[in-house]
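Just below is one structure, and these are the notes that go with it.
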Amino acid sequence: MHGRYEPQEIELKWQEFWKRKNIFKSRKDTKRKKFYCLEMFPYPSGKIHMGHVRNYAIGDVIARYLRMRGYNVLHPMGWDAFGLPAENAAIKHGVHPARWTYENIAYMKAQLDRLGLSYDWQREITTCQPEYYKWNQWLFLKMLERGLAYRKASFINWCPSCETVLANEQVIDGRCWRCDSSVTQKELEQWFLKITAYAEELLRDLDTLKGWPEKVITMQKNWIGRSEGAEVIFKIDGTDEEILIFTTRPDTLWGCTFVCLAPNHPLADKLVRDKDVLKEMKGFYGDPLIKLGHFTGYYAINPVNRKKVPIYIANFVLMEYGTGAIMSVPAHDQRDFDFAKKYNLPIEVVIVPERDVMSERPDRAYEDEGYLINSDKFSGLHSIEAREKIIKFLEENGFGKRKINYKLRDWGISRQRYWGTPIPIIYCDKCGIVPVPEKELPVILPEDVRFTGKGGSPLLESHEFLITSCPRCGGRARRETDTMDTFVDSSWYFLAYCLKEEGADLTLEQSSSLEPHQYPRKSDDFLVTPISYWMPVNQYIGGVEHAVLHLLYSRFFTRVLRDLGIVNFSEPFTNLLTQGMVCMESLKCPEHDWLFPSEVKDDKCIHCGRPVEHGRVEKMSKSKKNIVDPDDMIKRYGADTIRVFSLFAAPPEKDLEWSASGVEGIYRFLNRLWNFVQALSSEIRDQNTETSGASRSPSSNLSIVRLTHRTIKRVTEDIEKEFHFNTAIARMMEFLNELQGYVSQKTKGYSEEERAALRFAIESFLLMIGPFAPHIAEELWSQLGNKPSILEYPWPEWNEELARELEYELVIQINGKIKAKIMIPDGLSDDEIKERSLAEPKIKEAISGKNIKNIIVARKRLVNIVLGN
RNA sequence: GCGAGAGUGGCGGAACUGGCAGACGCGCUGGACUUAGGAUCCAGUGGGCAACCGUGGGGGUUCAACUCCCCCCUCUCGCACCA
């Protein structure tokens with residue numbers, strides 16, 4: 001009698017087994033090829049959601065598959081544990097952020113284990129621990145030494161609700177990325193990291209990232225925003241002042257009819273008499289498309305033609321980009337054109353689409369390339385050529401110089417918050433800004449503080465923390481109370497996993513690839529440090545939402561570490577997979593608003609019986625209640641079903657639509673597999689456990705042997721081809737369908753040869769499904785009399801000859817229309833194929849009396865007979 | 001506006017280098033087993049009675065187009081006064 005498929009039972013059993021055998025432990029081994037498979041570590045928010053499940057299921061299949069392919073795989077997991085929600089919980093519920101965080105970690109870790117994810121937990125990292133954030137502080141000091149960290153007062157993005165500063169990357173449409181409140185500007189002293197020092201390199205090297213999605217590369221390129229042009233000096237008529245402007249179109253200099261300054265440009269205060277107007281413009285945050293200007297009464301002198309042009313203050317000019325001042329060429333820039341029309345300023349055409357053609361009065365700006373007119377000796381040149389020559393002309397005459405600008409700004413990392421890495425700085429009245437000496441690291445975040453939610457960081461009230469002595473003069477001094485942006489933590493965490501190498505308690509400092517002096521000489525590969533062995537990450541997997549933030553910062557940090565001699569590479573992630581979102585239809589009751597899927601039965605609201613409205617399919621969200629809880633799903637179907645479903649419903653890079661009946665379908669599939677193996681296990685069970693687990697291919701030519709080889713080939717190719725797990729799983733479903741068909745047609749008993757063939761088919765099946773549904777694979781593997789663990793067996797191999805189909809269906813077309821299909825043996829020559837096609841009765845009939853113009857043979861596919869008229 | 005990607009049955013999605021459109025799953029229809037079926041198994045399932053017609057729309061290249069080229073439409077995502 002065979003038992004039912006009970007996922008709860010077998011999954012817990014094998015999870016326990018894997019844990020006991022410590023089967024996912026990874027160790028550096030220079031004799032083996034390594035593979036570092038990494039998923040973006042989660043913020044311990046409380047519980048995992050389906051997005052996590054999908055992300056980690058993808059990573060787990062890759063890790064498990066590559067282990068089977070013989071790689072030494074590093075597959076770690078950790079916690080991005082600092083951050084605002086912990087502090088908010090403290091304010092709201094009175095729980096200490098540390099306690100809240102650690103409790104969440106414990107719960108979520110159990111959830112991940114329940115999914116059967118193959119992590120090496122011995123390498124777990126938690127960023128809120130001093131042993132981790134010590135290295136944030138150390139790196140900060142190293143950057144400070146090199147001028148890569150600095151302090152400046154600046155207008156910053158301020159979220160009034162979170163009472164903190166936001167990085168540019170954290171402002172979305174003028175709103176806080178986290179709480180969605182409107183962001184305001186505020187001037188504060190901040191610590192910055194000089195990512196702009198690497199702007200050029202970060203941009204250039206994007207082209208080397210062949211394993212990254214084009215989309216992410218483009219987003220980073222746009223973010224860095226390089227533009228080439230010139231800075232030009234305009235003297236202000238009747239004063240000693242000058243205005244420095246930036247332009248990407250020096251070829252249009254002769255068409256400049258006015259100059260604009262940003263409202264917060266330093267010169268604006270000097271030039272504008274009416275301070276109220278200026279104040280109003282500075283505070284203007286209305287529709288940016290409405291052009292506002294104010295004439296200063298002053299004129300600037302265009303250096304190239306000595307022409308006097310009016311100076312305006314304009315709301316559309318940004319102080320943060322370029323020089324905060326522009327030359328306006330209304331004929332060739334639409335914004336300038338709109339402005340000129342509004343304030344009745346002259347428009348002078350200096351570029352025309354075709355040589356020597358005079359232009360008519362334009363009704364819009366001509367922004368394309370063309371030929372110069374009215375530009376002195378440069379007239380007649382093509383604009384691209386003119387740009388170069390004019391820049392030279394500017395430089396020779398001291399009018400200006402070549403200049404490259406970037407949109408990328410330095411990264412403000414100060415946060416007026418408690419739950420983060422303390423910035424290791426001391427302020428002394430006598431000595432000024434003094435870095436905490438390295439040997440005093442880490443600066444520990446004090447735990448006994450109060451959370452009121454008012455007036456900034458609780459650290460300000462912690463006198464023990466705040467008041468210290470100056471490392472230089474010993475006098476009374478004050479600590480920096482700002483903490484670091486949590487994106488600092490995640491900018492190098494992938495290295496921290498490497499450092500947790502067994503038997504080598506390493507630090508970042510010691511891990512320098514150039515001087516492996518501290519690394520224990522236990523083996524002959526001691527010269528290879530864990531970082532240089534494991535890095536770079538071969539496959540990184542996570543959401544696109546980190547396309548610029550985290551992924552750009554990580555690339556920046558890696559370069560800093562490279563220049564410090566700690567790592568010997570520039571790019572941390574060789575291949576990047578940005579998985580799609582998990583979506584679901586939202587459901588709405590006219591009476592009860594949004595409904596959870598569990599509140600709907602037969603398309604009706606369970607509370608009032610009204611028919612539900614079906615909303616859009618969009619990202620799962622609590623507010624629209626279109627969510628499913630991984631815990632519920634696991635309880636109902638087990639981890640294997642959830643894993644397989646989230647890999648089957650869509651290819652990894654696309655959005656996945658959650659479907660309750662789709663999940664059922666996968667559960668049925670696993671049940672069918674279970675029952676199939678159960679029914680056959682007495683036939684094919686290997687009594688001799690010593691020699692079991694071979695899964696060697698029988699040399700026989702039986703159809704199921706061939707089918708097995710063919711399936712192995714196709715599944716392997718699907719996985720290798722951009723991880724198309726959805727089709728790989730479809731192949732396995734087909735495989736099961738065909739095996740069932742084979743078995744159900746069987747009336748007599750099995751021959752020895754057939755038994756061997758079936759055993760081979762099933763074992764190959766289990767090995768292939770293993771990375772996807774590891775528990776059922778392990779259980780059935782052992783039920784066949786094999787010694788666990790299935791994880792110790794390699795990925796099955798196929799034989800090209802046995803994977804070949806002996807005969808195939810040939811499609812016969814006449815003039816491109818299908819007329820017949822015949823089975824023919826593989827390996828026929830083109831002539832033989834033609835002959836057989838023409839001999840087919842239906843074809844014979846169709847072509848009788850007609851003139852055959854041509855016959856095209858597409859091997860293994862079709863024949864197309866082209867008839868003349 | 002700029003940049004990127006995508007439009008295929010009732011639904012999610014397949015389709016190699018141009019070579020049978022719709023694999024696989026869901027749903028649906030019919031049947032078997034059953035006291036019962038929301039379990040399981042079997043069969044069918046793009047449209048059309050047919051010739052034929054079908055991959056957002058229109059043109060083109062080709063013996064052959066979901067696939068290549070041109071024009072247009074729609075949707076999604078990212079950036080958005082960056083001079």
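These numbers were taken from a predicted model, which means no experiment stands behind them. In what follows, chains are A, B, ... by sequence order, proteins preceding strands, each numbered from 1.
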Please pick, from A83(B), A14(B), G12(B), the nucleotide with the shortest atom-to-atom distance to any side-chain atom of Y321(A).
A83(B)
L736(A) has an atom CG; how far is it from atom P of A23(B), in whole Å?
18 Å
F645(A) atom CZ is separated from G12(B) atom P, nearest whole Å, by 12 Å
If you go through the side-chain atoms of N864(A), does one of them form a donor-acceptor pair with the base of C63(B) closer than 3.5 Å?
yes
Specify whether Y343(A) and F339(A) have parallel, tilted or perpendicular ring planes, treating 30° as the upper limit for parallel and 60° as the lower limit for perpendicular.
tilted
Under 4.0 Å: is that the gap between some side-chain N or O of N737(A) and OP1 or OP2 of G25(B)?
yes
Has K654(A) got a side-chain N or O lying under 4.0 Å from the OP1 or OP2 atom of C77(B)?
no
Return the orientation label for the Y366(A) and H332(A) ring planes: parallel under 30°, perpendicular over 60°, tilted otherwise.
perpendicular
Is it the case that the side chains of Q678(A) and Y5(A) hold a donor-acceptor pair, with the cut-off being a distance below 3.5 Å and no angle test?
no
Given G12(B), A15(B), C20(B), identify the nucleotide with an atom nearest to the side chain of A649(A).
G12(B)
Counting only side-chain nitrogens and oxygens, does K819(A) get under 4.0 Å of the OP1 or OP2 atom of C52(B)?
yes
R636(A) CZ - G38(B) P separation (whole Å)
17 Å
Given atom CG of D655(A) and atom P of A4(B), what is their separation to the nearest angstrom?
20 Å
When you measure from the side chain of P651(A), which nucleotide among A14(B), G25(B), C81(B) comes out closest?
A14(B)
Can you tell me which nucleotide in C16(B), A14(B), A4(B) comes closest to the side chain of T727(A)?
A14(B)
Would you mind reading off the distance between I814(A) atom CD1 and A64(B) atom C1', rounded to a whole angstrom?
14 Å
Quick one: classify the glycosidic conformation of G9(B) as syn or anti, with syn meaning within 90° of 0.
syn
Looking across every strand, which nucleic acid part, if any, lies under 4.0 Å from V317(A) by heavy atom: base, sugar-phosphate, or nothing?
base
Between C79(B) (C1') and W223(A) (CH2): distance, integer Å:
9 Å
Nucleotide C63(B), atom C1' - distance to CD of Q813(A) in whole Å
9 Å
Is the distance from OP1 or OP2 of C26(B) to the nearest side-chain N or O of R668(A) less than 4.0 Å?
yes
Residue pair E840(A) / S837(A), side-chain donor-acceptor N/O under 3.5 Å:
no
Ignoring backbone atoms, test whether S661(A) places a side-chain nitrogen or oxygen under 4.0 Å from the OP1 or OP2 oxygen of C11(B).
no
Determine the contact category for I856(A): base if any of its heavy atoms lies under 4.0 Å from a base atom, sugar-phosphate if only primed atoms, P, OP1 or OP2 are that close, otherwise nothing.
base
Closest listed nucleotide, where the reference is the side chain of F648(A) and the choices are A83(B), G25(B), A21(B)
G25(B)
In this structure, how many angstroms lie between the C1' atom of A21(B) and the CD atom of E809(A), rounded?
14 Å
If we only count heavy atoms from C-beta on, is the K834(A) to V857(A) side-chain gap below 4.5 Å?
yes
Do F645(A) and Y667(A) have ring centres separated by under 6.0 Å?
no
Checking all strands, does K821(A) fall into the base, sugar-phosphate, or nothing category for heavy-atom contacts under 4.0 angstrom?
base
Just N and O in the side chain of N726(A): are any of them under 4.0 Å from OP1 or OP2 of A14(B)?
yes
